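Everything on this sheet refers to the single structure shown next.
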Number of protein chains: 2
Amino acid sequence: MNKMPDPMSEKTTLTDAVHNLLRRAIIEQALKPGMRLPEDTVGDQFGVSRTIVRHALVRLENEGLVVTRRNRGAFVAEPSLEEAKHVFEVRRCLETEVIRLLVERMPSDGYDRLAAHVRSEQTVQGKDGPVSIRLAGEFHVLLAELTGNHVLARYVSEVVLRCSLIMAMYAKSHSSDCAVDEHSQIIAAIRDGDTGRATRIMEHHLGAVAGRAELEKKPDSVQSILSRYGKELAS
Amino acid sequence: MNKMPDPMSEKTTLTDAVHNLLRRAIIEQALKPGMRLPEDTVGDQFGVSRTIVRHALVRLENEGLVVTRRNRGAFVAEPSLEEAKHVFEVRRCLETEVIRLLVERMPSDGYDRLAAHVRSEQTVQGKDGPVSIRLAGEFHVLLAELTGNHVLARYVSEVVLRCSLIMAMYAKSHSSDCAVDEHSQIIAAIRDGDTGRATRIMEHHLGAVAGRAELEKKPDSVQSILSRYGKELAS
DNA sequence: TGCAACAAGATTGTATCCAATTGACCTGAA
DNA sequence: TTCAGGTCAATTGGATACAATCTTGTTGCA
């Protein structure tokens with residue numbers, strides 16, 4: 001029955017706080033795919049009422065991080081391999097646009113902020129922890145925000161988060177070493193004004209993770225395991 | 001104090017119903033940009049409690065159709081011209097991807113469904129009513145759904161809805177005549193496997209509305225008018 | 001033994017209630 | 001007359017209470 005850590009405590013509403021906490025918990029794999037999220041359990045944990053939790057869950061459902069079944073409650077999403085491909089497809093599309101836009105209009109402080117981010121990524125390089133995963137995602141969000149297009153940035157943020165969840169399900173390790181290096185390469189290509197090269201690196205960057213996920217296909221959810229056993233049973 | 005029209009009455013929850021009704025009302029311009037949406041007023045109108053309205057408003061805010069100010073309530077969104085440009089930018093990006101995907105994988109019943117839709121658009125051609133606006137938008141959503149990528153379709157749906165709202169604010173008339181014709185041209189180009197031509201038509205299609213919106217800039221909302229006067233006042 | 005109907009528990013769906021914040025109106029003094 | 005301050009109504013933020021629905025365990029019967 002812990003009290004809420006009172007995050008920011010300022011002008012942010014309780015719903016926002018719970019929303020952010022749940023999202024972080026999902027991304028960092030504290031809450032694993034398929035896990036149930038009963039409203040009053042979550043509410044008790046955070047010291048808020050079900051009303052708040054419900055609102056937060058609605059938002060998370062919109063973001064594709066949880067799914068809710070009528071009268072059954074909310075669960076951490078278990079994206080299928082097909083859905084995963086769809087998410088990556090959209091992500092590739094959006095991030096290509098981000099690069100195009102940045103090549104033609106990178107803000108003045110853009111490269112500084114990118115460099116700072118890469119540095120902070122390097123400090124945790126090698127450690128395969130939640131922090132590493134989060135930072136790798138935030139690099140892409142930062143790129144999107146630098147376009148100045150907040151709508152685009154929001155969608156990029158969403159697909160990046162969903163990709164984190166997908167990686168959590170299907171990939172064995174995030175192996176962020178190559179990622180940081182490729183991040184630097186992308187920045188360099190954008191600075192050179194070389195849209196093609198930047199896009200190619202980005203596609204390789206995303207393709208690598210997507211491809212790895214597909215190869216190491218590791219569906220250990222209750223549902224998928226039982227469906228396999230169910231097929232044996234039917235024969 | 002009308003009772004809810006009991007929409008579908010099936011397995012859909014009250015929140016869903018209110019959500020859909022409000023969304024339609026906004027898109028069809030029954031609820032104009034900037035208009036307040038007091039929770040209990042809406043609740044009384046639909047015969048449901050504030051709780052339901054609250055949940056619906058949370059969803060609408062996620063879709064970018066309403067904005068809520070802390071302790072002030074919800075308002076129909078008034079996208080700025082900058083935000084409008086951003087939405088169109090994202091929309092162009094997504095719809096280009098839709099065309100690329102359809103050229104390489106159009107489902108077997110795709111052209112039939114598209115043809116049927118265009119026919120229904122033609123039946124209301126000329127009339128500049130809400131139905132015409134809605135159908136024009138649904139054409140693009142249908143295109144996106146035919147890709148089989150539900151994630152993509154969902155994002156397209158969102159930006160199309162926001163574009164409807166933008167047009168409601170900034171364009172004098174939707175002038176759907178040319179739109180229907182261009183829809184047919186896009187279908188033809190996709191069928192020919194001519195990605196370039198289809199994309200060009202789509203860009204023209206979107207560019208036309210976006211451009212027109214910018215030219216006929218008609219910000220008659222209370223907020224925007226007062227902001228102009230406010231600047232005069234400040235000088 | 002296996003299946004079906006039933007009943008109890010748990011969880012969500014919805015409504016109502018209280019508290020906190022905001023905006024407007026009103027009053028009063030410079 | 002204008003502006004500052006204070007009070008009050010209106011509205012949202014949040015919590016609790018009740019109803020509907022699903023899950024699950026149990027019991028009875030074939």
Side-chain angles (χ1 to χ4, degrees), chain A residues 1-22 31 34-62 66-77 222-223 226 233-234, chain B residues 1-22 31 34-62 65-77 222-223 226-227 230 233:
Chain A
M1 198 79 77
N2 300 329
K3 258 297 179 187
M4 277 274 298
D6 196 340
M8 309 296 164
S9 94
E10 266 312 319
K11 282 299 178 185
T12 171
T13 170
L14 277 178
T15 304
D16 293 330
V18 173
H19 178 204
N20 289 331
L21 283 177
L22 283 178
L31 297 172
M35 206 171 252
R36 285 201 60 214
L37 299 172
E39 295 176 358
D40 45 7
T41 301
V42 177
D44 288 348
Q45 283 296 328
F46 289 154
V48 299
S49 99
R50 280 181 48 217
T51 313
I52 308 300
V53 178
R54 262 176 96 69
H55 284 167
L57 289 176
V58 166
R59 293 195 192 172
L60 289 169
E61 183 178 25
N62 263 299
V66 316
V67 295
T68 65
R69 288 203 242 291
R70 185 182 171 77
N71 287 322
R72 301 264 332 263
F75 303 79
V76 178
V222 177
Q223 185 172 329
L226 291 191
L233 199 67
Chain B
M1 197 80 80
N2 301 328
K3 258 298 180 188
M4 278 277 297
D6 196 341
M8 308 296 164
S9 93
E10 268 311 320
K11 282 300 181 186
T12 170
T13 166
L14 277 180
T15 304
D16 292 330
V18 173
H19 178 205
N20 289 330
L21 282 178
L22 283 179
L31 296 173
M35 207 172 253
R36 282 201 61 214
L37 299 173
E39 295 174 359
D40 44 7
T41 302
V42 177
D44 288 348
Q45 283 295 332
F46 289 155
V48 299
S49 94
R50 278 182 50 215
T51 312
I52 309 298
V53 179
R54 263 173 92 69
H55 286 295
L57 288 177
V58 168
R59 294 194 192 174
L60 288 169
E61 183 177 25
N62 273 320
L65 293 183
V66 315
V67 296
T68 65
R69 288 206 241 290
R70 186 178 171 80
N71 287 320
R72 297 267 331 264
F75 303 78
V76 179
V222 177
Q223 184 172 329
L226 291 193
S227 88
L233 200 66

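Numbered from 1 within each chain, the chains take letters A, B, ... in sequence-line order. Given the structure is predicted, the values throughout are model-derived calculations rather than measurements.
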Query raised in the report: dG13(D) base to Arg50(B) side chain: any donor-acceptor pair below 3.5 Å?
Result: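 It does, because a donor-acceptor pair links the side chain of Arg50(B) to the base of dG13(D) below 3.5 Å.
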Query raised in the report: Would you say the side chain of Thr51(B) and the base of dT16(C) hold a donor-acceptor pair, judged only by whether the two atoms sit under 3.5 Å apart?
Result: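 Side chain to base: pair found, below 3.5 Å.
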Return the value, rounded to whole Å, for the distance between atom [atom1] of [X] and atom [atom2] of [N].
| X | N | atom1 | atom2 | answer |
| --- | --- | --- | --- | --- |
| Asp44(A) | dA10(C) | CG | C1' | 14 Å |
| Arg69(B) | dG23(C) | CZ | P | 10 Å |
| Arg54(A) | dT11(C) | CZ | P | 15 Å |
| Arg36(B) | dT22(C) | CZ | P | 14 Å |
| His55(A) | dT12(C) | NE2 | P | 15 Å |
| Leu37(A) | dA10(C) | CG | P | 19 Å |

Nearest of [options] to any side-chain atom of [X]?
| X | options | result |
| --- | --- | --- |
| Asp40(A) | dG14(D), dT14(C), dT12(C) | dT12(C) |
| Asn71(B) | dT22(C), dT12(C), dT11(D) | dT22(C) |
| Glu39(A) | dG14(D), dG13(C), dT14(C) | dG13(C) |
| Ser49(A) | dT12(D), dT14(C), dA15(D) | dA15(D) |

Kindly give the heavy-atom pair with the smallest separation between [X] and [Y], and that separation in Å.
| X | Y | value |
| --- | --- | --- |
| Thr15(B) | Ala56(B) | CG2-N, 3.9 Å |
| Phe75(B) | Leu37(B) | C-CD1, 4.4 Å |
| His19(B) | Leu60(B) | CD2-CD2, 3.6 Å |
| Arg59(B) | Val58(A) | CG-CG1, 3.7 Å |
| Ala74(A) | Leu57(A) | CB-CD1, 3.9 Å |

Below 4.0 Å: OP1/OP2 of [N] and any side-chain N or O of [X]:
| X | N | answer |
| --- | --- | --- |
| Thr15(B) | dG13(C) | no |
| Arg70(B) | dT12(D) | no |
| Arg72(A) | dT23(D) | yes |

Requested in this report: For Thr68(B), answer base if it contacts any base atom (sugar-phosphate contacts may also be present), sugar-phosphate if it contacts only those atoms, and nothing otherwise; contact means non-hydrogen atoms under 4.0 Å.
Outcome: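 The answer is nothing, as Thr68(B) stays clear of every strand by at least 4.0 Å.
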